[in-house]
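Report on the following structure.
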Amino acid sequence: MLETRPLTPRLGVEVLGVDPRAAIDGETAAAIRAALDEHSVLLFRDAAMDDETQIEFSRVFGDTEVTLKANPAGGTPFARQSNLDIESGEIIPPEDRRMRYQKGNYMWHSDSSFKAVPSYCSMLTARITPPEGGNTEIASTRLGYDTLDAATRARIAPLEVEHDIVYSRGLTGNVLTTEMKAQTQAVRHRLVRINPANGRHSMLIGAHAARIVDMAEDEGRALLDELLAATTRPEHCLSHTWRDGDTVVWDNRACVHRATAYDTVKYRRLMQRTTISGSPATIQSL
Ligand SMILES: [Fe+2]
């Protein structure tokens, strides 16, 4: 059994007594995955990670994805969330394409939901944190689903939703190049999914959810907005204030998340994300 402490009454726990930089035995790894199934968000504190230890710890959850070329760390297992140039370490001007691209992170989303195989979970490690701002907010689509009435549950049960990063990035000013757009195409997923470990229903929604298949555009948009509003009620959310040395893992099957703003001219911030692929073993459709 893992020792844990709740982060909020209904979402997320801090894991105590596990150093994510150390070798994790099979039993502990299974307990960590079970805790993620149960709580959707795990926090590990005071364990500064480097790229090597993060890759190793990511293996507890599965295989890592390769990041889209649009990210400065594109082509590697890392998605870099930072206002620092990857080569020089200097602060990147706010008008630079790399900073505009990151504005997409201010919208609620599920990482990689625009991929044919949506993600199981993401791991974000804090390398350099600003003294204020730059929180990560996480909301439970599972708790959101639980608040829906029976008619809405029945209505959404058969639906498929199209996820498209060209759509979501268009919302922040179309910052994908033609080459980046060529790397991706819209994919269809079931809107409602079940975690086979516990039977809990969740919804695959967020900024990449462009449209409901076989539904009028405005009707589908209204429904997606309604489901996101049910999910992001304050009692379904947590807001994590980062400290250097934090590692947070969230369940992309059961959550949406977003970043909050910080002063990107004044403060330095460097976060590294790994994204672990989903599989039929971790995700079921209705
Ligand atoms: Fe994200």
Side-chain angles (χ1 to χ4, degrees), residues 11-12 36 40-43 49 54 58 61-62 64-74 76-83 98-115 117-127 129-130 133-142 144 161 163-172 175-176 180 183-184 187 189 202-210 224 228 231-232 236-242 246-262 264 269-278 283:
L11 178 67
L36 189 64
S40 302
V41 183
L42 306 179
L43 165 66
M49 301 283 255
Q54 184 167 347
S58 298
F61 301 92
T64 51
E65 293 182 356
V66 175
T67 303
L68 282 188
K69 284 208 177 72
N71 189 278
T76 77
F78 292 100
R80 184 180 166 96
Q81 321 284 335
S82 182
N83 62 334
R98 289 166 291 177
M99 295 309 294
R100 286 189 287 131
Y101 183 80
Q102 291 185 58
K103 288 209 168 121
N105 293 330
Y106 296 151
M107 296 183 292
W108 292 107
H109 64 282
S110 173
D111 288 332
S112 298
S113 70
F114 53 85
K115 293 187 175 176
V117 179
S119 161
Y120 162 25
C121 62
S122 292
M123 179 183 296
L124 195 58
T125 63
R127 311 295 178 86
T129 54
N135 276 24
T136 297
E137 298 184 338
I138 304 175
S140 170
T141 67
R142 202 157 80 173
V161 59
H163 286 248
D164 185 355
I165 193 173
V166 176
Y167 166 79
S168 54
R169 287 302 184 252
L171 299 174
T172 55
V175 290
L176 288 187
M180 292 169 190
Q183 261 199 308
T184 177
V187 295
H189 297 302
S202 62
M203 301 179 289
L204 192 53
I205 53 175
H208 306 308
L224 289 167
L228 190 63
T231 293
T232 56
H236 301 163
C237 297
L238 66 79
S239 184
H240 182 63
T241 303
W242 290 93
D246 282 354
T247 294
V248 172
V249 181
W250 62 80
D251 186 339
N252 281 314
R253 303 166 303 172
C255 300
V256 287
H257 64 279
R258 67 179 178 183
T260 69
Y262 67 102
T264 65
R269 183 174 190 257
L270 172 58
M271 317 288 292
Q272 284 278 65
R273 192 188 87 205
T274 43
T275 316
I276 292 87
S277 301
I283 299 169

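When a ligand or atom number is given, it counts from 1 through the structure's own listing order.
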Side-chain donor-acceptor pair present, Ser122, Asn252, cut-off under 3.5 Å:
yes
Is it the case that Thr231 and His236 place a side-chain donor and acceptor less than 3.5 Å from each other?
no
Mind checking what makes ring-ring contact (aromatic ring centres under 6.0 Å, His included) contact with Trp242, not counting sequence neighbours?
His240
With sequence neighbours left out, what residues match Arg80 under salt bridge (Lys or Arg N to Asp or Glu O under 4.0 Å)?
none
List in chain and number order the residues that pass side chain to side chain donor-acceptor pair (under 3.5 Å) with Ser112, two or more places apart in sequence or in another chain; answer none if no residue qualifies.
Glu65
Around the Fe ion (ligand 1), how many protein N/O/S atoms fall inside 2.8 Å?
3
Would Asp111 and Arg273 pass as an ion pair if we require N to O under 4.0 Å?
yes
